[in-house]
There are 2 protein chains.
Amino acid sequence: MSCHIMKDVNTYESDSDGLLYDPRVRAAMTQFTDTDNDLLTFEAGAAVRTANLAVERMRAHGSQGRGASAGALDLLIRLNGSEHGISIGELARTAGVSSRNATGLVDTLEHDGLVRRVPDPKDRRSVLAEITPAGRAWMKAFRKPSQLAMRAMFHGFAPEELVVLRDLCLRLAANQHRLADRLRQTGQQP
Amino acid sequence: MSCHIMKDVNTYESDSDGLLYDPRVRAAMTQFTDTDNDLLTFEAGAAVRTANLAVERMRAHGSQGRGASAGALDLLIRLNGSEHGISIGELARTAGVSSRNATGLVDTLEHDGLVRRVPDPKDRRSVLAEITPAGRAWMKAFRKPSQLAMRAMFHGFAPEELVVLRDLCLRLAANQHRLADRLRQTGQQP
DNA sequence: GGCAAATCTGGAAGCACGTACTAATGTCGT
DNA sequence: ACGACATTAGTACGTGCTTCCAGATTTGCC
């Protein structure tokens, strides 16, 4: 391992319990927090962001710029698992983005021929997005590489650890949803 | 709790061990994976993304559009914890972004008066970014609200859970870095 | 001294995401 | 039946992030 490679390796360190932390983040956050627990929350938040960037980067590499941004891919996977079309609004709600954004993501997928729009017979205001045969073929082609990539990303993780990571992340998201709801109710929106 | 509120609550469910999962993600990913472990990796990856979105949203709300995007805020926090300036290149390397991107983030902070550029006396090619008194005042003003927000986000999390979340996320990021290094070495870059 | 590499940034472009608004449609109460 | 109000997707616009390309200048190595 040459010095050039050493220089690029992340300098995460292990704490007394053998768990990773980023000393640079810790140094920066320590001055922004009052208690040890506050520091832990900031570090965890920063770590979530770091992990997300890592997943995004692996995704970007794996799809080779094939119009498969994270958001669009999520929609495509969702549509692939449905035997009928899904409305733009429903896609937006379940993805937790604005309908305008869902419109844009579907635009992208439609432009690439992976998805098409069809009228919703039950509501003339609404449009259903459905996956095309080309979209299903795309999903099929990327199934195995995607699995290999995720296996490599989570190399060294026990199944229980994957489950715990999922739970912790979803609890965080649930907390944020509750907070947003509360703020909306008390009219504290800016 | 009215039905309107019920309708907006996320439909995460608990598995047999009492840990959260998203049934919609599971339904979509099940058709994209071959083994249970693969499903766990995909679910964990999706959960990381969901958690990151949650943190971003809380951040956007807390800063009230005050020029504090996630990337810029990270740099500001970093500079606040340093008694001397830091070069654009160093900021870029430690943030894991390109120097062009770091340049843009510093542009934003400089435009808001929170950061200034000064020449690096040791290297005339280089520019140091340092936090301004206004930047330190900004940090001071947002310290308490930030802490309260993170406490609320991580409400119900034990300290050990925060540490585990941090470790799992950083292990994921470390895996990605190793993979990227390996790809770079074997020349498999696209 | 010569040259390759490093440094930052101007300029441009693409993409994700959000807000405000509009035309069309659907729902509900009178 | 009618009017008020809500919902739907998309237009127009803006911001931020990120990448690419190129250029001027500086630094370090042979």
Side-chain angles (χ1 to χ4, degrees), chain A residues 4 7 49 52-53 56-57 59-61 63-76 85-93 95-112 115-129 180 189-190, chain B residues 4 7-8 49 52-57 59-61 63-76 85-93 95-112 115-129 189-190:
Chain A
H4 169 72
K7 196 149 137 204
R49 180 144 182 269
N52 184 63
L53 283 174
E56 302 280 89
R57 285 197 175 124
R59 241 179 189 161
H61 177 262
S63 68
Q64 322 232 347
R66 295 284 308 273
S69 70
L73 183 58
D74 282 350
L75 289 200
L76 191 61
I86 303 177
S87 74
I88 305 286
E90 178 62 22
L91 288 173
R93 272 185 298 278
V97 299
S98 68
S99 70
R100 182 58 189 86
N101 192 19
T103 295
L105 294 176
V106 170
D107 285 346
T108 299
L109 291 170
E110 192 176 32
H111 179 264
D112 294 334
V115 160
R116 68 186 155 222
R117 283 175 165 87
V118 297
D120 182 348
K122 295 192 221 150
D123 182 343
R124 284 191 292 179
R125 297 168 299 181
S126 181
V127 171
L128 302 180
Q189 274 291 57
Chain B
H4 169 68
K7 195 148 136 204
D8 289 344
R49 178 144 187 271
N52 184 63
L53 285 173
V55 173
E56 304 280 87
R57 287 199 175 121
R59 243 179 188 157
H61 176 262
S63 68
Q64 324 235 338
R66 293 284 307 278
S69 69
L73 184 57
D74 282 349
L75 290 199
L76 192 61
I86 302 177
S87 74
I88 306 285
E90 178 63 21
L91 288 174
R93 273 185 297 276
V97 298
S98 68
S99 70
R100 186 61 188 83
N101 192 12
T103 294
L105 294 175
V106 170
D107 285 345
T108 298
L109 292 170
E110 193 176 31
H111 179 263
D112 293 334
V115 159
R116 68 186 157 226
R117 284 176 163 85
V118 297
D120 182 348
K122 296 190 218 151
D123 182 342
R124 282 191 292 178
R125 296 169 300 182
S126 182
V127 171
L128 302 181
Q189 275 288 57

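Only heavy atoms go into these numbers, but all of them, side chains included; no hydrogens, no water, no symmetry mates. None of these values were measured; they are calculated from a predicted model. Sequence lines set the chain letters: A, B, ... in the order given, protein chains first and strands last, and positions in each chain run from 1.
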Original post:
If you fit an axis to the five pairs at each end of the helix from C:dG1-D:dC30 to C:dT30-D:dA1, how big is the angle between those two axes, to 10 degrees?
Top reply: 30°
Subject >> Non-hydrogen side-chain atoms of B:V106 and B:L91 separated by less than 4.5 Å >> reply: yes
Original post:
How many Å lie between CG on A:L109 and C1' on C:dC15, as a whole number?
Top reply: 13 Å
Original post:
Which heavy atom in A:A72 sits nearest to a heavy atom in A:L105, and how many Å separate them?
Top reply: N-CD2, 3.9 Å
**OP:** At under 4.0 Å between heavy atoms, which parts of nucleotides 20-30 of chain D does protein reach? Answer with one letter per nucleotide, 5' to 3': B base, S sugar-phosphate only, - none.
**Re:** B----BBS---
**OP:** Check the distance between C:dG18's P and A:I88's CD1 and give it to me in whole angstrom.
**Re:** 15 Å
Original post:
Which residues pass the side-chain hydrogen bond (donor to acceptor under 3.5 Å, both in side chains) test with B:N101, sequence neighbours left out?
Top reply: none
**OP:** Using only side-chain N and O atoms of A:N101, determine if any of them is under 4.0 Å from OP1 or OP2 of C:dG18.
**Re:** yes
**OP:** Verify the contact: side-chain N or O of A:S126 to OP1 or OP2 of D:dT8, cut-off strictly under 4.0 Å; return yes or no.
**Re:** no
Subject >> All pairs passing salt bridge (charged side-chain N to carboxylate O under 4.0 Å, His left out) where residues 99-108 of chain A contributes a residue, at least two apart >> reply: A:D107-A:R117
Subject >> Over all atoms of both residues, closest heavy-atom pair of A:A70 and B:R49 >> reply: CB-NE, 3.5 Å
**OP:** For the residue pair B:L75 and B:L109, establish whether any side-chain heavy-atom pair is separated by less than 4.5 Å.
**Re:** yes
Original post:
Which is true for B:S98 with a 4.0 Å heavy-atom rule: it touches a base, it touches only sugar-phosphate, or it touches nothing?
Top reply: base
**OP:** With sequence neighbours left out, write down each residue that passes side-chain hydrogen bond (donor to acceptor under 3.5 Å, both in side chains) with B:R124, or none if nothing qualifies.
**Re:** none
**OP:** Classify the nucleic acid contact of A:R49 as base, sugar-phosphate or nothing, counting any heavy atom under 4.0 Å across all strands shown.
**Re:** nothing
**OP:** Could you pull out all residues at least two apart from B:D120 that satisfy side-chain contact (heavy atoms from CB on, under 4.5 Å)?
**Re:** B:K122, B:D123, B:S126, B:L128
**OP:** Select from B:V97 and A:R117 the residue whose nearest nucleotide in DNA chain D is closer to the 5' end of that strand.
**Re:** A:R117
Subject >> A:D120 CG to D:dT7 P, straight-line distance once rounded to whole Å >> reply: 17 Å
Original post:
Taking the side chain of A:L53 as its heavy atoms from C-beta onward, which of D:dT18, D:dG10, C:dT9 lies nearest to it?
Top reply: D:dT18
**OP:** Working to the nearest 0.5 Å, report the span between CZ of A:R57 and CG of A:N52.
**Re:** 10.5 Å
**OP:** Could you check whether B:G89 gets within reach of a base, just the sugar-phosphate, or nothing at all, counting any heavy atom under 4.0 Å?
**Re:** sugar-phosphate
Original post:
Please give, in whole Å, the distance from C:dA16 C1' to B:N52 CG?
Top reply: 13 Å
**OP:** Could you check how far NE2 of A:H111 sits from P of D:dG10, rounded to whole Å?
**Re:** 16 Å
Subject >> Euclidean distance, atom CD of residue B:E56 to atom C1' of C:dC17 [Å, nearest integer] >> reply: 11 Å
Subject >> Atom pair CD1/CZ of B:I88 and B:R93 - distance to nearest 0.5 Å >> reply: 11.0 Å
Original post:
Expressed in angstrom and rounded to an integer, what is the separation of A:R116 atom CZ from D:dA9 atom C1'?
Top reply: 19 Å
Original post:
What's the CG-P distance between B:L75 and D:dT18, to the nearest Å?
Top reply: 10 Å
